[in-house]
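In what follows, a single structure is set out as structure tokens and then discussed.
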Amino acid sequence: MTAEHLTTPAPQADAAPVQRTVEVVGARPVDAYVELRLAAPEIAERAQPGQFVAFAVGGETSGLLLRRSIAISTAEDGVVTVVVSAAGPGSTWLTQRRVGDTVDVVGPLGRPFPAPPASARALLVGGGYGAAALVGLAAQLKAAGHEVAAVAGAAAADRLCSVQELTGLVDTLAVTTDDGSSGRRGLVTLAVDELLPDCGVVYACGPMRMLQAVADAATARGIPSYVAVEESMACGIGVCMTCVLPVVGEDGQTRLSRSCTEGPVFGGDRVRFDDVGTLPWDVVGADAMGVTRP
């Protein structure tokens with residue numbers, strides 16, 4: 001972490017979320033993932049890039065009580081698009097939805113990506129299906145007149161996501177895979193390090209280790225970065241506290257911030273990535289919980 005932080009917290013959403021039963025109007029496999037398109041005009045009207053929706057999963061008689069939170073890819077013309085990875089019973093159930101099915105969804109939730117500095121060239125970095133969360137942002141930035149570069153990376157070609165969509169939106173797109181099955185062999189940081197010098201702001205979504213590497217690279221160059229974290233958000237509304245992570249506030253103090261309400265977008269130089277999953281001794285309130293300085 002730097003002594004003087006480069007970023008400010010992401011803005012609050014402009015409108016309250018809504019809960020609706022909506023129809024699936026599109027469902028298609030996209031390599032290892034499934035893209036769902038939902039007829040959800042009220043959510044689409046309110047949604048901003050960086051926000052997410054939370055699905056009830058398993059059907060009316062299911063024992064799966066917790067919702068599944070999925071990043072919004074695009075929200076336009078009354079339709080919300082998400083990309084789902086079948087990681088467990090709930091998300092697998094979602095990937096099995098077909099056109100004409102209905103789903104119970106709440107959204108939009110969370111804080112969106114903040115606007116870039118005026119005239120800044122933006123760099124978007126997506127890991128795996130995290131790239132889907134950057135499609136709407138890319139379109140928004142281009143519409144506002146910004147030059148946009150993007151990096152999409154994954155372990156292998158079938159784990160890449162939204163490459164075609166980003167290709168049609170950004171000025172420069174680099175693709176990397178760990179095994180070299182598509183694009184360049186290696187991590188996203190290979191391309192990030194090359195593109196960063198010409199950029200004035202960085203936005204990223206993907207696995208936590210990738211977010212840390214991208215944020216560290218941006219901070220080292222004095223470039224503000226904003227990361228949409230992939231912490232598990234069981235309730236989506238800040239009640240269950242399962243998605244907390246240590247974030248440094250504007251006052252310099254660290255607090256356990258809820259990804260679903262204070263995030264999922266945070267300043268990249270404010271997240272204490274090395275302490276995620278722990279209770280640092282200097283977190284506000286740690287002393288009351290009996291945590292002492294080592």
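Annotation for R67 and A56: closest pair NH1-N, 3.2 Å, computed over non-hydrogen atoms. Here the shortest heavy-atom pairing between V170 and A138 reads CG1-CB, 4.1 Å. Nearest heavy-atom pair across A217 and D193 is CB-OD1, 4.0 Å. Residues G200 and P117 approach most closely at O-CG, 4.2 Å, considering heavy atoms. Summarising the geometry of E23 relative to G100, their closest heavy-atom pair is OE2-CA, 3.7 Å, with the distance given to 0.1 Å. Heavy atoms only, all atoms of each residue included: L123 and C199 are closest at CB-SG, 3.6 Å.
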Practice prompt. Would you check, one step at a time, whether the test side chain to side chain contact (heavy atoms under 4.5 Å, CB included) holds for S91 with F55?
Written response: CA-CA 9 Å; S91 54; F55 292 89; over 6 Å; no
Worksheet entry | Stepwise side chain to side chain contact (heavy atoms under 4.5 Å, CB included) check, R97 with V99 | CA-CA 7 Å; R97 298 309 92 198; V99 173; over 6 Å; no
Worksheet item: Checking side chain to side chain contact (heavy atoms under 4.5 Å, CB included) for the pair Y226/L137: CA distance, chi angles, key distance, verdict?
Response: CA-CA 12 Å; Y226 299 94; L137 177 63; over 6 Å; no
Item to complete: Dump the intermediate steps for side chain to side chain contact (heavy atoms under 4.5 Å, CB included) on D178 and L187, then the final yes or no.
Response: CA-CA 6 Å; D178 296 358; L187 303 177; 3.5 Å; yes
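For the pair V227 and F273, the minimum side-chain heavy-atom distance is below 4.5 Å. Side-chain contact between L124 and L141 is present, with heavy atoms from C-beta onward closer than 4.5 Å. Residues L109 and S69 have side chains not in contact (no heavy-atom distance under 4.5 Å, counting atoms from C-beta outward). Within the 4.5 Å cutoff, the side chain of S162 has no heavy atoms near those of the L134 side chain. Put simply, the side chain of E262 does not reach to within 4.5 Å of the side chain of V247, judged on heavy atoms. Between T102 and V24, the closest side-chain pair of non-hydrogen atoms is not below 4.5 Å. Taking 4.5 Å as the limit, some side-chain heavy atom of V53 sits within range of a side-chain heavy atom of V82.
Follow the hydrophobic side-chain contacts under 4.5 Å out from L195 and you reach V125 in the same cluster. Cluster annotation: I70 and W93 are assigned to the same hydrophobic cluster (Ile/Leu/Val/Met/Phe/Trp/Tyr, side-chain heavy-atom contacts under 4.5 Å, transitive). A continuous path of hydrophobic side-chain contacts links M241 to V283 [ILVMFWY only; heavy atoms under 4.5 Å]. Each of V271 and V284 belongs to its own hydrophobic cluster when Ile, Leu, Val, Met, Phe, Trp and Tyr are linked at side-chain heavy-atom distances under 4.5 angstrom. V25 and Y33 are assigned to two separate hydrophobic clusters, defined by single-linkage of ILVMFWY side chains at heavy-atom distances under 4.5 Å.
Distance alone, capped at 3.5 Å, is enough to place a donor-acceptor pair between the T177 side chain and the S182 backbone. A donor-acceptor contact shorter than 3.5 Å links the side chain of D269 to the backbone of L6. In this structure, the side chain of D77 does not engage the main chain of V79 through any donor-acceptor pair within 3.5 Å. R270 places a side-chain N or O within 3.5 Å of a backbone atom of G249 that can act as its donor or acceptor partner. For the pair R185 (side chain) and D179 (backbone), a donor-acceptor distance under 3.5 Å is present. Here the side chain of S73 pairs no donor or acceptor atom with the backbone of T81 at under 3.5 angstrom. R221 places no side-chain N or O within 3.5 Å of a backbone atom of P197 that could act as its donor or acceptor partner. A donor-acceptor pair under 3.5 Å is absent between the side-chain atoms of Q51 and the main chain of P112, judged by distance alone.
With rounding to the nearest 0.5 angstrom, the CD atom of Q19 is 4.5 Å from the CG atom of D104. If you take CG on L196 and OG on S225, they are separated by 9.0 Å, rounding to the nearest 0.5 Å. Atom CG of L66 is separated from atom OG1 of T242 by 8.0 Å, given to the nearest 0.5 angstrom. Distance check, rounded to the nearest 0.5 Å: OG1 of T278 to CZ of R272 gives 7.5 Å. Taking CG of D31 as the reference point, atom OG of S85 lies at 12.0 Å (rounded to 0.5 Å). Within the model, atoms OG1 of T176 and CG of L190 stand 7.0 Å from one another, a figure rounded to the nearest 0.5 Å.
Applying side chain to side chain contact (heavy atoms under 4.5 Å, CB included) to F52 and the options P108, C260, S259 leaves one that passes, C260.
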Donor-acceptor pairs under 3.5 angstrom involving side-chain atoms of residues 203-212: please list them, not counting sequence neighbours.
unit_1, atom_1, unit_2, atom_2, d
Y203, OH, P114, O, 2.9
Q212, NE2, D274, OD1, 2.9

Return a table of donor-acceptor pairs under 3.5 angstrom between the side chains of residues 143-156 and protein atoms on other chains or two or more places apart.
unit_1, atom_1, unit_2, atom_2, d
H146, ND1, A120, O, 2.8
E147, OE2, R121, NE, 3.1

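Counting non-hydrogen atoms of neighbouring residues, nucleotides and ligands closer than 6.0 angstrom, the CD atom of E45 reaches no more than 12 such neighbours.
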